[in-house]
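Along the sequence shown, residues are numbered consecutively beginning with 1.
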Amino acid sequence: ATSFTVTISTAAATDGFLVIRKTGAVPTGVPENGVTYSQNASLGDGLVVYVGATASFEQTGLITLTTYHYAVFAYNGTSGTYHYSAVLNSNVSTLATDPGSGPSALVVSNVSESEIDFSFTAASAPVTGYLILRKADSEATGVPDGGTVYNVGNQIGDAEVVYKGTSVTFEDNGLQPSTHYYYSIIAFNGQDADNSINYLNTAVLTGSQRTLASEPTNQPTNLQFSAVTSSSLSGSYTAATGGADGYLIVRNEGTDAYTG
């Protein structure tokens with residue numbers, strides 16, 4: 001939220017770059033040819049934040065939710081002979097403050113052949129909401145990019161966004177039977193409108209659950225008993241039409257009413 005990397009693309013060879021930064025508006029200062037400028041020196045209404053040959057540098061110690069404007073001047077020459085190019089302008093806004101913590105304690109409930117419901121413990125403030133990613137058969141590997149707005153149905157890496165909101169309970173339906181689903185729950189702070197969303201990718205809550213198999217189409221029929229003695233009996237029945245993976249037989253003494 002308070003740092004980022006600045007990368008400069010240039011089509012021509014150059015000895016180095018002079019970069020000026022200003023908060024809230026484009027810096028208007030222009031370097032004078034032949035003059036040497038140092039980092040952290042004032043130049044016009046801006047601050048020199050970088051002087052060097054590398055086309056990327058780090059910006060740290062910034063303020064959250066703030067727009068920083070940059071003016072980049074390429075140069076050739078050495079001290080006393082510097083010749084500065086025309087300006088390249090750009091700007092970037094820092095993100096909202098990190099959420100205080102990630103969500104925790106995922107609890108799965110109400111599992112069926114087409115639905116998985118779960119709840120979790122809320123992240124600590126400041127937190128605006130949660131992004132839930134889902135992937136079938138293996139864990140998701142992607143994470144959201146800070147400042148990027150995602151909505152339900154979007155892909156993040158190899159996973160799909162299935163929820164975005166403030167609730168700590170979630171009902172995921174329309175699923176396939178006998179399928180193992182993996183979930184990643186990520187807390188975020190910030191708003192869509194200003195692209196300030198900051199995702200806490202360092203504290204992702206993960207969990208998984210397999211849906212139930214499809215319900216058998218029919219029950220077995222024609223239950224019959226034979227070879228009944230005082231301590232044993234044999235039973236048979238007609239297999240369920242449509243197929244079944246197996247059968248569970250429950251015995252109850254004293255009544256023919258099964259209430260399980």
Side-chain atoms of residues 115-123: list all donor-acceptor pairs with protein atoms under 3.5 Å, sequence neighbours left out, distances to 0.1 Å.
{"unit_1": "D117", "atom_1": "OD2", "unit_2": "N110", "atom_2": "ND2", "d": "2.7"}

Least distance between heavy atoms, [X] atom then [Y] atom:
| X | Y | value |
| --- | --- | --- |
| Y84 | V35 | OH-O, 2.7 Å |
| E160 | G153 | OE2-CA, 3.8 Å |
| T64 | T94 | C-OG1, 3.3 Å |
| T211 | E113 | CB-O, 3.7 Å |
| S101 | A187 | O-CB, 4.1 Å |
| A74 | T14 | CB-OG1, 3.6 Å |

Can you list everything that forms a side-chain contact (heavy atoms from CB on, under 4.5 Å) with [X]? Sequence neighbours excluded, please.
| X | value |
| --- | --- |
| T141 | D158 |
| V51 | L18, V48, Y75 |
| Y182 | E139, H180, S208 |
| T36 | S79, Y82 |

Donor + acceptor pair across side chains of [X], [Y] (<3.5 Å):
| X | Y | result |
| --- | --- | --- |
| T241 | N218 | yes |
| T7 | S56 | no |
| D45 | T28 | yes |
| N198 | D98 | yes |
| E58 | Y50 | no |

Under a 3.5 Å distance rule, please check whether [X] uses its side chain to pair with a backbone N or O of [Y] as donor and acceptor.
| X | Y | result |
| --- | --- | --- |
| S184 | T206 | no |
| Y70 | V26 | no |
| Y183 | K135 | no |
| T202 | L200 | no |
| S232 | T229 | no |
| S196 | Q191 | yes |

Set out, in order, the CA-CA distance, both residues' side-chain angles and the distance that settles side chain to side chain donor-acceptor pair (under 3.5 Å) for Q224 and N222, then state yes or no. CA-CA 6 Å; Q224 297 184 356; N222 194 28; 3.1 Å; yes

For Y247 together with Y237, are the ring centres under 6.0 Å from each other?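 Here the rings of Y247 and Y237 have centres that are less than 6.0 Å from each other.
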
The test is salt bridge (charged side-chain N to carboxylate O under 4.0 Å, His left out); show your working for R210 and D137 and say whether it passes. CA-CA 9 Å; R210 182 181 294 275; D137 301 324; over 6 Å; no

Quick check on Q219: does its CD atom have over 12 non-hydrogen neighbours (other residues, nucleotides or ligands) under 6.0 Å away?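 No, because the 6.0 Å sphere around CD of Q219 holds 12 heavy atoms or fewer from other groups.
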
Would one find more than 12 heavy atoms of other residues, nucleotides or ligands at under 6.0 Å from atom CG of D245? no

Sequence neighbours excluded, the answer for side chain to side chain donor-acceptor pair (under 3.5 Å) partners of Y199 is none

